[in-house]
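The first residue of the sequence shown is numbered 1, and numbering continues consecutively from there.
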Amino acid sequence: LRFLARDFFQNNPFILPVFVAYVREQAAASGARFLVDAYCGSGLFALAAAPAFERVTGVELSATSVAFARENAGANHRSNVIFLAADAATIFADLEPTFVGADTTVVIDPPRKGCDGLFLQQLFAFGPRAVVYVSCDPATQMRDLRHFLAAGYILTAAQPFDLFPQTRHLECVLTLRRA
């Protein structure tokens with residue numbers, strides 16, 4: 001995958017294959033037909049998971065990241081993926097009408113501050129079958145987890161990944177299913 005050095009990318013090449021495979025497996029395990037990758041960057045999770053889904057939509061605020069994501073889709077022969085340059089807070093308004101929440105898994109990898117209230121409201125109204133929540137900040141992830149539980153989601157898996165050895169930073173992947 002290509003991306004600008006200043007744009008966000010999961011940058012530990014030693015654990016990255018295992019990390020991405022885990023996210024892909026968790027997303028595909030829901031049996032959903034569609035995948036939405038919010039905060040998709042240059043397409044890492046969307047492109048890795050694309051073979052397990054009929055259609056995939058990635059949404060990213062950074063226009064340069066979306067340009068690279070589209071280029072990466074072509075380079076990796078992923079014809080069932082589209083990328084939108086948009087704010088993740090309005091993501092569900094821009095989805096194709098065939099994307100139905102009950103038949104969709106959503107992967108989210110928000111910035112360190114976690115998900116904002118508007119995004120979570122729209123996500124819960126959309127009602128995806130499953131959510132795979134990737135976070136580099138356990139505190140904001142746990143704050144957001146309370147909202148998922150209150151909205152009727154069940155935590156089915158939690159897996160930490162030490163992408164930044166010898167630091168206090170930790171990536172954690174939570175898998176949530178709609179009750």
Side-chain angles (χ1 to χ4, degrees), residues 1-28 30 32-101 103-123 126 128 130-137 140-141 144 161 163-164 169 171-173:
L1 298 179
R2 294 187 59 223
F3 56 94
L4 284 179
R6 70 173 184 249
D7 287 343
F8 175 79
F9 191 80
Q10 299 290 355
N11 61 358
N12 183 326
F14 302 103
I15 197 165
L16 192 61
V18 173
F19 176 57
V20 172
Y22 181 80
V23 171
R24 179 183 62 236
E25 290 163 10
Q26 291 299 302
S30 74
R33 295 172 43 213
F34 308 112
L35 176 72
V36 173
D37 183 0
Y39 312 97
C40 72
S42 59
L44 177 66
F45 297 126
L47 296 173
F53 295 90
E54 285 179 31
R55 289 210 308 283
V56 177
T57 297
V59 178
E60 172 60 45
L61 186 60
S62 165
T64 58
S65 289
V66 169
F68 275 100
R70 290 173 179 153
E71 181 182 308
N72 291 333
N76 287 280
H77 311 290
R78 300 290 194 249
S79 59
N80 64 332
V81 183
I82 63 166
F83 292 99
L84 306 173
D87 186 340
T90 61
I91 180 175
F92 303 103
D94 295 331
L95 287 179
E96 295 177 43
T98 55
F99 276 61
V100 177
D103 228 359
T104 303
T105 293
V106 177
V107 172
I108 57 176
D109 186 3
R112 188 171 301 279
K113 68 179 181 173
C115 299
D116 67 27
L118 179 59
F119 173 78
L120 289 174
Q121 285 176 350
Q122 291 182 38
L123 177 71
F126 180 65
V131 176
V132 180
Y133 188 155
V134 180
S135 177
C136 63
D137 189 333
T140 59
Q141 191 178 38
D144 293 346
F161 289 89
L163 267 68
F164 312 102
H169 299 287
E171 288 282 327
C172 190
V173 179

Q: Write down the atom of Gly58, the atom of Cys40, and the distance for their closest heavy-atom approach.
A: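 Of all heavy-atom pairs spanning Gly58 and Cys40, the closest is C-SG, 3.6 Å.
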Q: Which heavy atom of Phe92 sits nearest a heavy atom of Val106, and at what distance?
A: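 Of all heavy-atom pairs spanning Phe92 and Val106, the closest is CE2-CG2, 4.3 Å.
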Q: Would you name the heavy atoms of Ala27 and Thr105 that are closest together and state the gap between them?
A: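 So the minimum-distance heavy-atom pair works out to O-OG1, 3.5 Å.
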Q: Measuring only between side-chain heavy atoms, which start at C-beta, is Ile108 closer than 4.5 Å to Phe119?
A: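 The answer is yes, as the side chains (C-beta and beyond) meet within the 4.5 Å cut-off.
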Q: Can you see which heavy atom on Ala85 is nearest to which on Arg70, and at what distance?
A: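 Shortest heavy-atom contact: N-NH2, 4.4 Å.
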Q: Side chain of Asn72, backbone of Gly43: donor and acceptor closer than 3.5 Å?
A: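 Looks like no, no N/O pair under 3.5 Å.
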Q: Enter the distance from Gln122:CD to Leu118:CG here, rounded to the nearest 0.5 Å.
A: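 Those atoms lie 4.5 Å apart.
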Q: Could you walk me through whether Leu16 and Leu44 pass side chain to side chain contact (heavy atoms under 4.5 Å, CB included), step by step?
A: CA-CA 10 Å; Leu16 192 61; Leu44 177 66; 4.1 Å; yes
Q: Closest heavy-atom contact between Arg112 and Cys136?
A: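 Looking at all heavy atoms of both residues, the closest pair is NH1-O, 3.5 Å.
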Q: Work out which heavy atom in Ala48 is nearest to a heavy atom in Pro51; give both atom names and the distance.
A: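 Where Ala48 meets Pro51 most closely, the heavy atoms are O-CD, 3.5 Å.
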Q: Take Glu54 and Thr98 through the side chain to side chain contact (heavy atoms under 4.5 Å, CB included) test and state the conclusion after the steps.
A: CA-CA 11 Å; Glu54 285 179 31; Thr98 55; over 6 Å; no
Q: Determine the sole option in Val59, Asp37, Leu47 for which the side chain to side chain contact (heavy atoms under 4.5 Å, CB included) test with Phe83 is passed.
A: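 Passing option: Leu47.
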Q: Between CG of Leu61 and OG1 of Thr64, what distance do you get to the nearest 0.5 Å?
A: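 It comes to 10.0 Å.
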Q: Quick one: pull up CD1 in Ile82 and CZ in Arg55 and give me the separation to the nearest 0.5 Å.
A: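 Here the rounded value is 8.0 Å.
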Q: Hey, mind stepping through Val134 and Phe19 against side chain to side chain contact (heavy atoms under 4.5 Å, CB included) and telling me if it holds?
A: CA-CA 10 Å; Val134 180; Phe19 176 57; 3.6 Å; yes
Q: Could you state the interatomic distance from CD (Glu171) to CD1 (Ile15), rounded to the nearest 0.5 Å?
A: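 Atom-to-atom, Glu171:CD and Ile15:CD1 are 10.0 Å apart.
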Q: Using 0.5 Å steps for rounding, measure from the CZ atom of Arg33 to the CG atom of Asp103.
A: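 Output value for this atom pair is 5.0 Å.
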Q: Below 4.5 Å, heavy atoms only, C-beta onward: do Phe34 and Pro128 meet side chain to side chain?
A: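 With C-beta onward as the side chain, the pair stays apart.
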Q: Quick check against the 3.5 Å criterion: does Asn76 have a side-chain atom that pairs as donor or acceptor with the backbone of Arg78?
A: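 Looks like no, no N/O pair under 3.5 Å.
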Q: Between Asn80 and Phe53 (side chain of the first, backbone of the second, donor and acceptor by atom type, cut-off under 3.5 Å), is there such a pair?
A: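 Answer holds: yes.
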Q: Would you confirm whether the ring centroid of Tyr39 sits within less than 6.0 angstrom of the ring centroid of Phe45?
A: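 No.
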